Amino acid sequence: MKEVFSMWKSTKMVVLVALCAGLYAALLIPFKSIVLIPGITEVRPASALPVVMGLLFGPAGAWGSAIGNLIGDFFGSLGIGSIFGFVGNFMFAYIPYKVWDNMGLVNKNDREPDLKSGRKIWTFIVAALGGALGCALIIGWGLELLGMVPFAALGAIITLNNSIPSIVLGIPLLIVLYPRIKKWDLMWTDILPPEDMPKTGAAARMGSIIMYLGVMFGLLGGLAVAAGAAGQELFSFTGQAGEGTSVILVAGIGVAATFIGSFMQ
Amino acid sequence: MDMFLYMDKDTFVHNLDPRTKIFVMFGTFTIALLFNSLPVLLALAALVLFYGYSGKVLANLKRIRVILFMIALMSILIWSIVGGGETKLLGPITLEGFIYGLTVAVKFNVMIIAGMIFLSSTTIEGISLGLVKLKIPYRGAFAFSTAIRLVPMIVGTSYTITQAQRSRGLDLDSGSIFEKIKKYVPLIIPTFVSVIRGTNVFSMALESKGFGYDSERTNYLQLSYDKRDYIFMIITFILVAVSIYVKLTFDF
């Protein structure tokens, strides 16, 4: 994860953060009034961007996604949920490029995200789902923790809201954009010096798997618990239901595993 | 196109240090999150509105009225139906659910209005410098403030591209949800490309002006706390402390 912090030394990466954030915010804002969960989320075709930005610009895409979402919140929905929105949208872009680089799904001699083979498209879908679900997990868990929106409602809506555009729009976007970004030498792997690149190898691969499993366990487990598998009512907060396995606990384990896995890479 | 909420006025709220306003905003969030009591939240709403009124920024409520209304409507609708309770009003709607929905709506709206007041009374430069003074690294604050400045330009670009594609026959209004989503591809790609291709020139321009030359930066805009800032911070601190005490003691 060291590239997430060391990238700030590069002026080009700082500029990419600003441009990605501006772009993401500009595409989020027009849809602010089409509310899905009041004060929390809305229809978001812009969700196609974080995964693409993550794969192209790496940590700059992740920071851009987080800051862009925060700026989007400035246009009417800035609240305590914006903190979890910041972290969740960071992971929305961060998880995909880590899955792409470290999980071993693409050929290690050809890791360019050009989507020129069925295997790469499949990997993109796996990576995009990881990012979309990771974002849903973190925001859903955070707002359940604060007693603002039940995990079942928010987790399910953000998952759909993120994953559909990121796959349906993300694939053509990346196919068209990759050659241009590569030609302009703006791929994050071309910008960062070798000493600032993240570590690879067995530990990184293990971290990537832990991160992905954490996301799946936290989100799907949390939804299962919320749906009644362990005694909690669907639209109740954990504190009100007061019995059975807590959504906060199950989703929290997933969140913890996601972060532990992230720091291992 | 004026997309931003900032209103240029000379009031004491505008003249408060951005860090004080951030503290007040987070204090409001904390108090709103602590309580599920409608009277307490209404009292907080009154206090927040008075604060906004003092800063002469409540006119911006008009600009976010659709969002505030949708929040209230959806909260009341959802919680009236799924909130449970014994006093039936109409079909699955219960009085207890209705009151809970109203409480949640007030809670959300208070937080959003507090955020709106902060943004309406603080310049982007002020927010950025405030973040730096709060020990956010300068480069992060720079990216944040640059991104905010870029938003109107990017929206303008995307609007031009939308009009150009419409003139070529792109119909954004018909089709299923998937078809509509797919139609955004010819809009997003040129917007993305036109923004990103400026990266190299932008970074060279920054470096030619000494960006990153020295970690100890000086700023034209200077921030400092004065008596009003201390008074506001002490009042906010007392209100938060009393709220926590009341919550722990009486469990509202």
Side-chain angles (χ1 to χ4, degrees), chain A residues 8-12 14-27 29-30 32-33 35 37-40 45-46 48-49 52 63-64 67-68 70-71 73-82 146-148 153 164-165 168-169 172-173 176-177 180-181 184-186 233-236, chain B residues 3 5 29-30 32-33 36 63-64 66-67 70-75 78 82-83 104-105 107-109 111-112 114-116 118-119 137 139-140 142-144 146-151 153-155 158 178 181-182 184-185 188-189 191-193 195-200 202-203 206-207 211-212:
Chain A
W8 290 102
K9 288 187 282 185
S10 159
T11 305
K12 209 181 266 188
V14 174
V15 169
L16 279 173
V17 171
L19 294 177
C20 288
L23 200 59
Y24 190 36
L27 292 178
I29 291 160
K32 274 280 159 192
S33 57
V35 174
I37 291 188
I40 302 295
L49 289 183
V52 174
W63 284 113
I67 294 172
L70 182 67
I71 293 171
D73 283 355
F74 275 23
F75 292 81
S77 54
L78 184 67
I80 195 75
S82 302
L146 295 175
M148 288 176 73
I164 293 172
V168 176
L169 287 179
L173 260 180
V176 175
L177 292 173
R180 289 163 174 80
I181 302 301
W184 295 335
D185 293 326
L186 292 177
E233 293 169 27
L234 191 60
F235 285 102
S236 284
Chain B
M3 294 181 63
L5 293 172
F29 291 169
T30 308
L33 286 169
N36 273 326
R63 292 179 61 180
I64 60 167
V66 176
I67 292 169
M70 288 300 291
I71 287 170
L73 182 72
M74 297 287 281
S75 291
I78 291 170
V82 303
V104 172
K107 182 187 282 203
F108 274 115
N109 281 345
M111 287 196 276
I112 286 172
M116 182 214 77
F118 169 68
L119 296 172
R139 283 171 176 247
F142 171 83
F144 169 77
T146 306
I148 292 183
R149 276 177 235 279
L150 285 171
V151 170
M153 187 202 82
I154 297 169
V155 170
S158 67
F178 286 102
I181 288 177
K182 272 202 248 175
Y184 276 91
V185 174
I188 295 177
I189 289 170
T191 309
F192 196 104
V193 168
V195 171
I196 295 296
R197 75 176 159 200
T199 306
N200 285 323
F202 196 164
S203 16
L206 279 175
E207 286 182 347
F211 182 77

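By convention in this document, chain letters (A, B, ...) are assigned in the order of the sequence lines, proteins followed by strands, and residues within each chain are numbered from 1. Keep in mind that this is a model prediction, so the values were computed, not measured.
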- Intermediate values then yes/no, side-chain contact (heavy atoms from CB on, under 4.5 Å), A/Val14 and B/Phe142: CA-CA 8 Å; A/Val14 174; B/Phe142 171 83; 3.9 Å; yes

- Task: Write down the atom of A/Ala18, the atom of B/Leu150, and the distance for their closest heavy-atom approach.
- Result: O-CD1, 4.0 Å

- Query: Which heavy-atom pair separates B/Arg139 from A/Lys9 by the least distance, and what is that distance?
  - Reply: NH1-O, 3.4 Å

- Where do A/Leu19 and B/Ile154 come nearest, in terms of heavy atoms and distance? O-CD1, 4.4 Å

- Message: What I'd like to find out is whether the side chain of A/Thr11 reaches to under 4.5 Å of the side chain of B/Phe202, using heavy atoms alone.
- Response: no

- Task: Using non-hydrogen atoms and a 4.5 Å limit, figure out which bit of B/Leu206 sits close to chain A: side chain, backbone, both or neither.
- Result: side chain

- Side chain, backbone, both or neither: which part of A/Val176 has a heavy atom under 4.5 Å from chain B? side chain

- Message: Using heavy-atom distances under 4.5 Å, tell me whether A/Ile67 contacts chain B through its side chain, its backbone, both, or neither.
- Response: side chain

- Message: With a 4.5 Å cut-off on side-chain heavy atoms, are A/Leu186 and B/Asn200 touching?
- Response: yes

- Note on the structure: Heavy atoms of B/Val151 and A/Ala25 approach each other most closely as CG2-CB, 3.8 Å

- Task: Flag the one option from B/Ile189, B/Thr146, B/Leu73 with the top tally of heavy-atom pairs under 4.5 Å to chain A.
- Result: B/Ile189

- Task: For B/Val193 and A/Trp184, run side-chain contact (heavy atoms from CB on, under 4.5 Å): C-alpha distance rounded to whole Å, both residues' side-chain angles, the deciding distance at 0.1 Å, then the answer.
- Result: CA-CA 11 Å; B/Val193 168; A/Trp184 295 335; 3.5 Å; yes

- Which atoms of B/Phe192 come close to chain A, meaning under 4.5 Å heavy atom to heavy atom: side chain ones, backbone ones, both, or neither? both

- Note on the structure: In this structure, CG of A/Leu23 is separated from OG1 of B/Thr191 (nearest 0.5 Å) by 7.0 Å

- Message: Quick one, A/Leu49 and B/Ile188 - any side-chain contact, counting heavy atoms below 4.5 Å?
- Response: yes

- With respect to chain B, which residue among A/Leu146, A/Leu177, A/Val17, A/Val52 yields the maximal number of heavy-atom pairs within a distance under 4.5 Å? A/Leu177

- Note on the structure: Highest number of heavy-atom pairs under 4.5 Å with chain A among B/Ala105, B/Ser158, B/Gly140, B/Ala114 belongs to B/Gly140

- Item | Where A/Ile71 and B/Ala147 come nearest, the two heavy atoms and their spacing | CD1-CB, 3.5 Å

